[in-house]
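This one's a predicted model, so the numbers in the text were calculated from it and none came from an experiment. Per chain, numbering begins at 1; letters A, B, ... match sequence-line order.
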Amino acid sequence: MKFHIPNALVVSHKKIGDKIYSLIFNAPEIANSASPGQFVHIRCSNGLDPLLRRPISINDVDKEKGLVSIWYQVVGKGTEFLSKVKVGECLDVIGALGRGFDSNIDGKNVLLIGGGMGIAPLIYLGSVISKKNTVRGIFGGRNKDVIPCILSESNFDYELCTEDGSIGREGLVTDLLEDQLHKEKIDAIYSCGPKPMLTAMQRISSREEIPLQVSLEAVMACGVGACLGCAFKGYRDGEEAWLKVCKDGPVFWDSEVKW
Amino acid sequence: MKFHIPNALVVSHKKIGDKIYSLIFNAPEIANSASPGQFVHIRCSNGLDPLLRRPISINDVDKEKGLVSIWYQVVGKGTEFLSKVKVGECLDVIGALGRGFDSNIDGKNVLLIGGGMGIAPLIYLGSVISKKNTVRGIFGGRNKDVIPCILSESNFDYELCTEDGSIGREGLVTDLLEDQLHKEKIDAIYSCGPKPMLTAMQRISSREEIPLQVSLEAVMACGVGACLGCAFKGYRDGEEAWLKVCKDGPVFWDSEVKW
Amino acid sequence: MKEVKLSVDVAGIQMKNPVMTASGTFGFGEVYEDFFSNELLGAMVVKGVTLKARKGNSAPRLVETPAGLINSIGLENPGVKVVLQELLPSLKKYDVPVIVNISGNVVEEYGELAGLLSSSSVVKGLEVNISCPNVKEGGMAFGSSPEMAAKVIREVKKSTNLPVIAKLSPNVTNVVEIALAVEEAGADAISLINTLLGMVIDIKRKKPVLGNIMGGLSGPAVRPVAVRMVWQVAQRVKVPVIGMGGISTAEDALQFIMAGATAVAIGTGQFVNPCCCVDVIKGLEDFCRKNGIKNINDLRGVAWNE
Amino acid sequence: MKEVKLSVDVAGIQMKNPVMTASGTFGFGEVYEDFFSNELLGAMVVKGVTLKARKGNSAPRLVETPAGLINSIGLENPGVKVVLQELLPSLKKYDVPVIVNISGNVVEEYGELAGLLSSSSVVKGLEVNISCPNVKEGGMAFGSSPEMAAKVIREVKKSTNLPVIAKLSPNVTNVVEIALAVEEAGADAISLINTLLGMVIDIKRKKPVLGNIMGGLSGPAVRPVAVRMVWQVAQRVKVPVIGMGGISTAEDALQFIMAGATAVAIGTGQFVNPCCCVDVIKGLEDFCRKNGIKNINDLRGVAWNE
Ligand SMILES: Cc1cc2nc3c(=O)[nH]c(=O)nc-3n(C[C@H](O)[C@H](O)[C@H](O)COP(=O)(O)OP(=O)(O)OC[C@H]3O[C@@H](n4cnc5c(N)ncnc54)[C@H](O)[C@@H]3O)c2cc1C
Ligand SMILES: Cc1cc2nc3c(=O)[nH]c(=O)nc-3n(C[C@H](O)[C@H](O)[C@H](O)COP(=O)(O)OP(=O)(O)OC[C@H]3O[C@@H](n4cnc5c(N)ncnc54)[C@H](O)[C@@H]3O)c2cc1C
Ligand SMILES: Cc1cc2nc3c(=O)[nH]c(=O)nc-3n(C[C@H](O)[C@H](O)[C@H](O)COP(=O)(O)O)c2cc1C
Ligand SMILES: Cc1cc2nc3c(=O)[nH]c(=O)nc-3n(C[C@H](O)[C@H](O)[C@H](O)COP(=O)(O)O)c2cc1C
Ligand code: FES
Ligand code: FES
C-alpha cells in the first residue's frame, strides 16, 4: 500500500556532513508499511521549478511514533530546496515505494556494503535483519565529508573506510570486503552506492557465488510505475527487458541487472 | 541611475497587517538615488517560477544607513515567496526605477490621497515634501486589515477612513477629500491606490482645477523600458500613445492618462 | 446552491465529470488505485497500445526541464493481445468509461488495432495517437499532414463503431487544418495536445541527455501552447475537444474549458500530485458553486465572447 | 591556462564573444547601460523595426506563465526613419556590431527596409523577422512556408550587401525545410527561435488575458524546443546558426553551442537578470578555462558526435 501524505510534519532536520542532511518527518502510514530498501518520493518545492518529486531512500522508521527518517545530500535544485525546509513545516511525500531488500531471512551471515548516501537504506536494513541474523556493515566514501556523522547510532557492527583515510581505514569498501571474505563465510551481500561500487560488488559476489542484492538509481517522474520512465536494461524471466527502478526495484538481484 | 543589487541584505521583515508586510533591505546605491514614487523591482524566488521580478513602490529610505523600506501585500505567488524571506538573507533588487512624483515643490498646500498599499509611496513622498510644504494625508481602505498598522510613524498629518469604519472614519477617501476641499485651498493632489479611486480623484481634481499626479500599475517584465510590455493608453504631446508605466511613470500627470 | 452538474458527453462517451487521465501517465488503471478510487474519474485513458509488444526506447527516458518534463518512453507496451486479455478485463469493475490509445507503424495497423479493441466490452472509445514524437515509424509523422491524419482516421472509422478520438500533435504549422481534416474524415472528437518535440543537452557529457536524443515536452511549461491550440480548434470544429497539456489545478482545467474544451486530461500533473485528477474534479465543482454555475457545460468556450 | 578565445564570426560579423541581445528585449541599446557596458557584448540586436511607425498592440501585453513569459507587443517602434536618424547614431560609439531586426507587412517592405538600413554605417547586419506572432499582416505567416520565407530573404538580399540573418518561427511542422529554403535563398545566417504562439485565459474575467488574445511564449519554458530546433537545423545547413530561447545561464548557452549554434542571444533572461548577458559571457569563459577548451568554436556541435 502506497500513501500520499501532502502535509507530513518535519520534526527534525539536521546537517550531518558536508551538504548532507538528516530529516525526520511524521507519516505514520508510511512508517508502518515501509520495509528496508523502499523509498519516499518528495516534493521539494511548492513551485513548478523543480517540477518533479525526488526519490530518497528510507533511512529508518519509528513505527511507534510514526516517524520516517531520510538522509540526503544536496546535489542540485531539488535537494537545495529541501535543505531549506524548517522543523514545524510540512513536506508533501509519497511512500513507501518500490521493492526493498529481501529482509525476510533468518540465521544468515550478511554483509551490508554501502558507499556515500547509499549507506542510508542499509542502516534501516541492518537494524531490521540484525535481530535474526549476523550483520556486518562496510561503509565507505571518498573522504569523511561524505560520511554522515551520526552513523554511530546504528545498532549493528560496521567498519568505515575512506579513500583518503580521513575517517576509518584508508581504502575502498572492496578492500574491506575482500578481507572479510577471507575471515568468514558470507551468505548474502546487500549493497547500495555509486554504480562503479555496485559493479565491483557484482564481480566479487559472482566469483564467490554469494547472492547479491543491489539498490539502483534512475531519474524518476511518477515513482509508482505509471510513466515507464525510470527504465534500465535488465532481465525478466531470463529475457532482456527494460525494468523499472521505481516499481521492479530499486532493489534488484544481481541476476536481474545487465551489468 | 539604476542599480542592480543582487544581494541586498534584509535587515527587517515584519507583518504589519492582514497579509501585509514591511521589509527593509540594505542597498545604499538605491537609497541614495531614489525619489518618492519610484519603485524597486524584486526577484521573489531563486527558481524559475515565478520567473519575473515584481515591482514594489519605495515606502521610505534612510540615506545615511543605506536602507530601503517597502510595504507589500501577499496577493499571489511572487509576494508569497517574498514573505518567506528571512532577516539576514539577501534579496535581488533593481532600483530605483521609474519617474516619481514631482517633489520639487515649495510652499504649497498638498493633499496625499492613498488607498490600501497605495499608501506606501505616499509616506515617502510626504516625509520629503512636508519639509517645505503643508502636507495632509487622507488614507483609506476597505477595512482595517488592509491598512498597515505602522502607519502612525509618519511625520506629517493624516486622517484614516475605512469603508466599514473599523478604523478611522467610516467612508471613502473621496468623502474626506470633499470635506477638506471645503475647508481650504489645495494646490496639488498626489494619489496612489486602486484604479476606481484614482478615477474618482481625477473627477474631483478636474472639477476643482487642482493639478493631480497619480501612480499607476501594470504587469511588468523588465521594469526598465526594454520590453515595452507595461503599456497603457495615454497621451504624449497631446497625441494618443502607449505610455510605459515603468519608464514614463509609474507617476503620471492627470493629463497624460486616458481616463 | 444545489448540486453542480459536472457530467459531460464526449462523442457519446458519458462521463460523470470532465476529467480524464492522459494516455501514458496512468498505466492501465492499476497504478493510482492506492491514492484514489478510479470510480471518481470522468474517464480512464490507458497507455498507448500497439499491435505487437514494444520494448520502448533506451535509457535515460526522462529529463526534467523548467516547469516541464521530457519523456522518450517510445510506446513501451505488451501489445494489444496482452492488453485485451490481461489488462483491460480488470477495469470492467469500474463504472467509468475506458478509452484505449492506439498507435500504428503503418496506416493498416491502426485499423487492425481498432478492430481488435472493438471486440472488448470494456472499451468505450479509441484515442488515435497520430502524434507520438518518440517512435521512428509512424507516430508524429501521421499527425503532421492533413492528408495522412485523415487517412488514419478513415481507416480506424472503417474498423470500429466506437467513438474515435483523434489525438493531434502540437508540432505543426497549422493545427486547425489538421483538426478540420480529421473531423472531415469522421473523427468523433479531438484530443490536444500531445507533447512538443524537445531535447536537453548534458553539457558535462557533451551529449543529449536522453537515450533517444529527442523526446516529448509536457507539463506546465507547454500549457500556454495547449490552451492556444484548443482555443483555435474548438472554434472551428463541431466535434468535442479534449484539452490537455500542463494541467495541474482546477484553474488550469478551467482555462481549457473556457477556451472551448468539453473535457480535459491530466498527465504530468499526476506525477507531481498523485491525487491531481480528483483534486481538479473537486476544484471544478467548488468553482462552479462559488460562481453560481449550475452546469459545467455552460463554461465551455465562454472566453470566446467579445 | 592562457586566454580563452571566445570570439566568433557570424557570416562575416566579427563578434568578440558569442553572446548577443535578442531583438525586442534590449530597446535600441540604451536601456541596460546603467547595468553594464554595451562594449562587453558580442553583438547588439535592436528592437524590430518597420517602415512606418507602429503603436503596438493593446494592453495588457504581458502575461507570465510557468517558467515563461508571453508578450504581444506588436512591434511597437518609431519607424525606420526615426531609427536611422535618432536611435542608431548613438550606438556608433561602441566597438560592437549592431544588427537591426526588420519586419514588413508585405514582401516589398522588407526590401525597402533593407535598402534604407544599408545606408547606415552603424548597421553591421540585418535580422529578418519572418516569425513575429504578434502582428496581423505578414509576421509569422512569412515564416510558415518555405516558399514565402525564401521570397522574403531573396527580396532582402537584392537590396543589401549586409549579412542577412533569417529569424525563423518555431511554430512550424518542419523547421529544417524552412531553414534550407532560406539558406538556398541566400540567407547568410539563421536565428532561432522566435516565440511560440501561446495564450492564457483569465478565469475570473472569463477572457483571454492579453489584449491581443494570443502572444509569443519565451523564456526557460521553451528552451527544450529551441535546443531541439537548433540541433536539427545546424546539422543540415552550412550557414551559422544563432540560438536563442530561454537562455539565462552559461550552462543554457552551452547547450545551444553544443547543439550547433555559432552564437546565442538572450531575451527574457535579461528581464530577470539585467546583467544576464555579461554573466553568461563570463560563465562561458569559466567553463572553457575549467575544461581546457582554448577556443569556444571547438564546442560548436560537439553533442552531434556519437
Ligand atoms: C531509489 C532512489 C533512492 C535514493 N536515495 C537517496 C538517498 O537516500 N539520499 C540521497 O541523497 N539521494 C538519494 N537518491 C538520489 C536523489 O534522488 C538525487 O540526488 C536527487 O533526485 C537529486 O535532485 P536535485 O534536484 O537535487 O538534483 P538535480 O538538479 O536533479 O541534479 C543535479 C545534478 O546531480 C546529478 N544527480 C542526479 N541524481 C544524482 C545522484 N543520485 N547522485 C549524484 N548526482 C546526481 C544530476 O545529473 C545533475 O547533474 C536516490 C535516488 C533513487 C532513484
Ligand atoms: C509601480 C508599481 C508599484 C507597486 N507597488 C506596490 C507596493 O508598494 N506594495 C504592494 O503590495 N504592491 C505593489 N504593486 C503591486 C505588485 O507589483 C503586485 O501585487 C505583485 O506584482 C503581485 O505579484 P504576485 O506574484 O504576488 O501575484 P500574481 O501571482 O502575479 O498575481 C496574483 C493575483 O493578483 C492579481 N494582481 C496582480 N497585481 C495586482 C495588484 N497590483 N493588486 C492586486 N492584485 C494584483 C493578479 O491579477 C492575480 O489575479 C506595485 C505595482 C507596480 C506596477
Ligand atoms: C511519460 C509520458 C508518456 C506518454 N505516453 C503517451 C502515449 O502512450 N500515447 C499518447 O497519445 N500520449 C502519451 N503521452 C502524452 C500525454 O498523454 C499528454 O498528451 C501530454 O503529456 C500533455 O499532457 P500533460 O502536460 O498533462 O502531461 C505521454 C506523456 C508522458 C509524460
Ligand atoms: C518582449 C519581447 C519582444 C520581442 N520583440 C521581438 C522583435 O521585435 N523582433 C523579433 O524578431 N523578436 C522579438 N522577440 C523574440 C526574441 O527576440 C526571442 O527570439 C525570443 O524571446 C526567445 O528568446 P528568450 O527566451 O531569450 O526571450 C521579442 C521577445 C520578447 C520577450
Ligand atoms: S518513475 Fe515512473 S515508472 Fe518509474
Ligand atoms: S516593464 Fe518592460 S517596458 Fe515597462
Non-hydrogen atoms of [X] and [Y] that approach each other most closely:
| X | Y | result |
| --- | --- | --- |
| A/Leu228 | C/Arg61 | O-NH1, 2.8 Å |
| A/Trp242 | C/Gly56 | NE1-O, 3.7 Å |
| C/Ala59 | A/Ala231 | CB-O, 3.2 Å |

Given a strict heavy-atom distance threshold of 4.5 Å, which part of [X] is in contact with chain C: side chain, backbone, both, or neither?
| X | answer |
| --- | --- |
| A/Pro50 | both |
| A/Ala241 | neither |
| A/Ala218 | neither |
| A/Leu52 | both |

- Message: Salt bridge or not between A/Arg53 and C/Glu64? Use side-chain N to carboxylate O under 4.0 Å.
- Response: no

- Message: Under 4.0 Å between a side-chain nitrogen and a carboxylate oxygen: does that hold for A/Lys244 and C/Glu76?
- Response: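 Yes.
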
Measuring only between side-chain heavy atoms, which start at C-beta, is [X] closer than 4.5 Å to [Y]?
| X | Y | result |
| --- | --- | --- |
| A/Cys227 | C/Leu62 | yes |
| C/Asn273 | A/Asp92 | no |
| A/Ile94 | C/Phe35 | yes |

Is it the case that more than 12 heavy atoms not belonging to [X] sit under 6.0 Å from its [atom1] atom?
| X | atom1 | answer |
| --- | --- | --- |
| C/Lys124 | NZ | yes |
| C/Glu39 | CD | yes |
| C/Lys204 | NZ | no |
| C/Lys206 | NZ | yes |
| A/Lys63 | NZ | yes |
| A/Lys144 | NZ | no |

- Taking it one step at a time, do C/Asp34 and A/Val224 satisfy side chain to side chain contact (heavy atoms under 4.5 Å, CB included)? CA-CA 10 Å; C/Asp34 278 357; A/Val224 297; over 6 Å; no

If you count heavy-atom pairs within less than 4.5 Å of chain A, which of [options] leads?
| options | answer |
| --- | --- |
| C/Ala67, C/Gly68, C/Gly211, C/Gly27 | C/Ala67 |
| C/Gly267, C/Pro220, C/Pro274 | C/Pro274 |
| C/Ser72, C/Cys275, C/Pro66 | C/Cys275 |

- Should C/Val63 and A/Val219 be marked as a side chain to side chain contact (heavy atoms under 4.5 Å, CB included) after you check the CA-CA gap, both sets of side-chain angles, and the distance that decides it? CA-CA 7 Å; C/Val63 56; A/Val219 173; over 6 Å; no

- Return the option, out of A/His41, A/Lys233, A/Arg43, with the maximum number of heavy-atom pairs under 4.5 Å with chain C.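 Maximum pair count with chain C is reached by A/Arg43.
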
- Inter-residue atom distance A/Cys222.SG - C/Tyr32.OH, 0.5 Å rounding: 5.0 Å

